[in-house]
Amino acid sequence: MSHFSDKLIAWYVVNPRDLPWRQTENPYYIWVSEIMLQQTQAVTVIPYYLRFIQTLPTIQDLAVCEEDKLLKLWEGLGYYSRVRNMQKTAIEIMHKYDGVFPNTYDLLIQLKGIGAYTAGAILSIAFHQKISAVDGNVMRVISRYFGIQDDITLDTTKKQINQLNTTLLSDEQPHLYTQAIIELGATVCTKHQPKCDVCPVRLDCISRQQNLQSIIPIKTKAKAKKERRFITFILEDEQGRFVVEKVTDNLLKGLYLLPQVEADSLQYAIETLESSGYRIQYTEPLGIYKHVFTHLIWYMDVYYGRIDSSINHETVSSFDEVPMATAHKQITTKEKKNVKY
DNA sequence: TATTCGTGGCA
DNA sequence: TTGCCAAGAAT
């Protein structure tokens with residue numbers, strides 16, 4: 001029926017990347033891969049995905065997994081609420097659906113961590129249902145193909161693109177269509193220097209005809225990141241163990257950080273730590289580190305500190321024992337360095 | 001509707 | 001070096 005989907009699928013079946021989640025249609029594995037792939041490139045996900053399904057091969061394994069072990073599997077992947085929400089959903093599927101993965105949009109959209117895209121991806125890829133799944137790739141492919149010059153961050157534009165994608169969706173092979181259009185966006189219709197000469201739908205593409213590839217999709221630019229400055233400590237006690245603190249705030253919740261104080265002076269930071277029970281014998285500067293998050297930047301003036309072990313704090317003999325945020329793991333593993341503070 | 005939430009790659 | 005952004009969702 002649809003010209004577009006036939007060409008796309010014909011191209012995809014001979015040009016697929018070899019990605020491990022394409023060797024299964026188990027909805028649990030498709031779900032895991034789709035959550036990991038949110039805002040994350042496929043090549044980054046591959047090793048995490050393989051380790052995750054090997055360690056937690058069933059929904060029940062995920063539902064009963066201890067939180068530290070779970071976050072350790074996610075360590076370095078970012079957006080840690082993804083895996084925390086995934087466990088909530090696994091528990092709900094065990095109790096409410098007797099461990100059987102729900103297979104309608106209305107049921108999936110109610111689950112924690114599953115939004116419109118992920119619901120559509122699971123339903124089309126794992127259950128072969130004709131449900132649209134629009135991610136950043138689809139937004140780029142559709143907006144370029146139709147020459148849509150509206151801001152794609154607007155809800156009205158997203159709705160329009162979702163409607164177009166629903167119209168284009170293959171009746172017979174929705175599982176191939178969804179993967180094909182995403183694959184095209186990821187490997188051919190890329191943000192920079194799209195490979196239009198090998199695109200299966202280049203002849204009908206408005207952006208190709210009018211040379212608009214570099215200006216479509218149109219997107220409002222991001223706000224400036226806020227900056228925060230910390231004095232950060234690698235604290236070692238008399239037993240050679242290191243102090244870590246488990247995060248309770250939303251940002252990096254459940255992960256572990258080095259002790260740190262939002263401050264500009266070492267003296268104030270030490271006083272703050274001592275008022276919370278640490279007794280610091282001496283300190284030694286290790287350098288200034290920087291870590292960039294999506295919406296903020298941390299500058300960390302790092303010191304090694306020796307403490308006695310007279311207070312109750314959590315310690316590890318190796319930072320590998322706990323899930324550490326990358327912002328601080330880099331401090332424990334990399335060489336001394338200095339950035340502009 | 002706007003903001004929050006990680007990390008690594010790339011131009 | 002800096003900013004963008006990648007198989008988005010929650011609040």
Side-chain angles (χ1 to χ4, degrees), chain A residues 12 16-17 19-22 29-49 71 74-86 88-89 108-126 132-141 151-158 162 165 175 177-187 189-193 214 217-227 247 249-255 257 290-298 323-330 339-340:
Chain A
Y12 173 68
R17 285 175 295 176
L19 302 173
W21 45 89
R22 291 189 172 152
Y29 296 150
I30 298 300
W31 174 45
V32 171
S33 71
E34 290 299 340
I35 300 297
M36 286 187 170
L37 285 162
Q38 289 170 2
Q39 301 292 286
T40 310
Q41 295 188 346
V43 289
T44 302
V45 167
I46 291 172
Y48 283 94
Y49 170 82
L71 286 168
W74 211 268
E75 182 186 53
L77 198 53
Y79 286 144
Y80 299 95
S81 64
R82 288 186 294 179
V83 71
R84 298 156 55 75
N85 284 334
M86 218 162 48
K88 288 180 193 167
T89 287
L108 286 182
I109 201 68
Q110 295 176 35
L111 298 172
K112 288 290 183 192
I114 296 182
Y117 163 74
T118 304
I122 293 171
L123 290 169
S124 60
I125 295 172
S132 167
V134 177
D135 72 333
N137 290 303
V138 178
M139 298 279 285
R140 189 168 55 255
V141 171
D151 185 344
I152 63 164
T153 64
L154 298 176
D155 256 13
T156 53
T157 310
K158 291 177 184 172
N162 185 54
N165 193 55
H175 62 299
Y177 175 86
T178 291
Q179 296 184 81
I181 191 169
I182 290 172
E183 187 79 350
L184 189 78
T187 65
C189 194
T190 48
K191 171 69 179 172
H192 298 289
Q193 298 181 328
S214 62
I218 293 172
K219 217 171 182 178
T220 54
K221 42 190 173 186
K223 304 192 336 178
K225 301 178 193 301
K226 293 175 183 173
E227 299 183 353
V247 175
D249 298 342
N250 283 332
L251 179 63
L252 303 173
K253 185 173 185 178
L255 276 78
L257 291 172
K290 176 184 181 182
H291 188 78
V292 180
F293 295 90
T294 301
H295 59 293
L296 77 157
I297 302 174
W298 281 6
M324 289 285 294
T326 300
H328 283 180
K329 184 151 193 173
Q330 61 160 340
V339 301
K340 191 177 172 186

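Reckoned from all heavy atoms, side chains included, excluding hydrogens, waters and symmetry mates.
Side-chain N/O atoms of A:S81 include none lying less than 4.0 angstrom from OP1 or OP2 on B:dT4. Remark: A:N250 is not in phosphate contact with B:dT4, judged by side-chain N or O atoms under 4.0 Å from OP1 or OP2. Side-chain nitrogen and oxygen atoms of A:H192 include none within less than 4.0 Å of the OP1 or OP2 phosphate oxygen of B:dA11. Phosphate proximity of C:dA6 to A:R140: present, with a side-chain N or O under 4.0 Å from OP1 or OP2. Residue A:K191 places no side-chain N or O under 4.0 Å from the OP1 or OP2 atom of C:dA6. Of the side-chain N and O atoms in A:K290, one or more sit less than 4.0 angstrom from OP1 or OP2 of C:dT2. When the side-chain nitrogen and oxygen atoms of A:Y80 are compared with OP1 and OP2 of B:dT7, one or more of them lie within a distance under 4.0 Å. When the side-chain nitrogen and oxygen atoms of A:T326 are compared with OP1 and OP2 of B:dT7, one or more of them lie within a distance under 4.0 Å. A:H291 has a side-chain polar atom (N or O) that falls below the 4.0 Å cut-off from OP1 or OP2 of B:dT7.
Contacts of A:K223 with the nucleic acid, taken as non-hydrogen atoms under 4.0 Å apart, involve only primed sugar atoms and P, OP1 or OP2.
Between A:R17 and A:I114, the residue anchored nearer the 5' end of DNA chain C, judged by the nucleotide with its closest heavy atom, is A:R17. Along DNA chain C, the nucleotide nearest to A:Q41 and the one nearest to A:A119 differ in position, and the one closer to the 5' end is contacted by A:Q41.
Distance A:I297 CD1 to C:dT1 C1': 12 Å, rounded to the nearest Å. In this structure, CD1 of A:I35 is placed 8 Å from P of C:dA10, rounded to the nearest angstrom. Remark: P of C:dA10 and OH of A:Y117 are 15 Å apart, rounded to the nearest angstrom. We find that CG of A:D151 is positioned 10 Å from P of B:dA2, with the value rounded to whole Å. Computed from coordinates, the A:L251 CG to C:dT11 P distance equals 16 Å when rounded to whole Å. A straight line from NZ of A:K225 to P of B:dT4 spans 12 Å, rounded to a whole angstrom. Computed from coordinates, the A:M86 CE to C:dA9 C1' distance equals 14 Å when rounded to whole Å. Remark: P of B:dT7 and CD of A:Q38 are 16 Å apart, rounded to the nearest angstrom.
For C:dC4 and B:dT3, the P atoms lie 15 Å apart once the distance is rounded to whole Å.
Aromatic rings from A:F293 and A:H291 are positioned such that their centres are separated by under 6.0 Å.
More than 12 heavy atoms of other residues, nucleotides or ligands lie within 6.0 Å of CD in A:E227, so this atom counts as buried by the packing criterion.
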